[in-house]
Amino acid sequence: MASRAEPIDTGGRRDWRDVARDAADLALLGILLTLAAVPLLTAAAAAGTASAAVHDWTRTGSWPSARTTVRRFGRAVLPGVPVSLFALAGATLLAADLAALATGRVPGGPAALLVTALIAAGLAGYAGLVVVEVGGNGGGRWRASARFAARACLDSPTRWAALTGVVALAGLLTVLVTPVAVPILAGYTVAALHAVTVRRPVPAAVLGRRELR
């Protein structure tokens, strides 16, 4: 990835082989993320684990070991089930609302459709920042990361807008590209979210007694 949150000084210039290697790594990450999220209830754990891997990569220049990744995923599955259910329910309701407005089954017209679409995009951008924050916390601590991301979005609307743009572009590409390429796109999307986010650690006071264990 050409732009990293904390570039690593490698002592030399990156050539096309480095770029190709990074692209292949991110493609593999996206495929593994998609496979891990297939049961749906593991979607949050898969996203958090993938984000943690990208966080390590952007900070150290190397990927975590397979053992570390599997351990992170295993720890994140049960805490991530409510997050997965909440995200799926919210996405389903928003999609149903947009479809109803677009087909004229509910009143409101183009204005209501536009407002709803903007709200959905903003929520998607916020969710993207939550995923980045979770990655910085080892793939877990969804509640603390969600609170921190909410404050961060309000403190930096431009970053929120950038994250929203990344998610919107990813959604557009998902519709345009062949279905086989969608898993690959997932890895690039997680990397892009990290690239546009200057992450700060979640304050200890926010984590709470339970999350500091």
Side-chain angles (χ1 to χ4, degrees), residues 30 33-34 36-48 50-51 54 76 79-136 141-200 202 206:
L33 164 59
T34 303
V38 165
L40 296 183
L41 292 181
T42 59
S51 181
V54 173
V81 168
V83 180
S84 299
L85 290 173
F86 180 78
L88 289 171
T92 301
L93 289 174
L94 281 171
D97 192 17
L98 287 169
L101 287 168
T103 57
R105 292 198 300 267
V106 296
L113 179 61
L114 177 61
V115 170
T116 305
L118 290 175
I119 292 174
L123 290 174
Y126 163 71
L129 181 55
V130 173
V131 170
V132 173
E133 294 297 330
V134 167
R141 296 174 178 170
W142 286 93
R143 184 178 300 177
S145 297
R147 289 197 295 264
F148 182 84
R151 290 197 305 271
C153 286
L154 295 177
D155 292 341
S156 181
T158 54
R159 180 171 63 174
W160 186 8
L163 291 165
T164 299
V166 169
V167 177
L169 179 59
L172 177 61
L173 292 176
T174 299
V175 176
L176 296 178
V177 301
T178 177
V180 177
V182 171
I184 297 175
L185 181 61
Y188 292 135
T189 301
V190 175
L193 290 171
H194 277 265
V196 301
T197 302
V198 179
R199 189 185 182 279
R200 294 166 293 176
V202 176
V206 175

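What you see is a predicted model; the values in this text were computed from it and never measured.
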* To do: Quick one: list whatever passes side chain to side chain contact (heavy atoms under 4.5 Å, CB included) with Ala46, sequence neighbours left out.
  => Leu33, Ala36, Ala37, Phe73
* Asked: So, do Ser51 and Val134 sit near enough that their side-chain heavy atoms are less than 4.5 Å apart?
  -> no
* Asked: Which heavy atom in Leu193 sits nearest to a heavy atom in Thr197, and how many Å separate them?
  -> O-OG1, 2.7 Å
* Asked: Any donor-acceptor pair under 3.5 Å linking the side chain of Thr34 with the backbone of Gly30?
  -> yes
Residues 165-179 side chain polar contacts: donor-acceptor under 3.5 Å, at least two apart:
residue : atom : partner : partner atom : Å
Thr174  : OG1  : Ala170  : O            : 2.7

Which pairs would a plain distance check flag for residues 110-130, meaning a side-chain donor or acceptor within less than 3.5 Å of a matching protein atom at least two apart in sequence or in another chain?
residue : atom : partner : partner atom : Å
Thr116  : OG1  : Ala112  : O            : 2.8
Tyr126  : OH   : Ala146  : O            : 2.8

Side-chain donor/acceptor pairs under 3.5 Å, residues 84-100, sequence neighbours excluded:
residue : atom : partner : partner atom : Å
Ser84   : OG   : Leu41   : O            : 3.1
Ser84   : OG   : Ala44   : N            : 2.9
Ser84   : OG   : Gly80   : O            : 3.0
Thr92   : OG1  : Leu88   : O            : 2.7

* Asked: Mind checking what makes side-chain hydrogen bond (donor to acceptor under 3.5 Å, both in side chains) contact with Thr189, not counting sequence neighbours?
  -> none
* Qualifying residues under side-chain hydrogen bond (donor to acceptor under 3.5 Å, both in side chains), relative to Thr103, sequence neighbours excluded -> Arg105
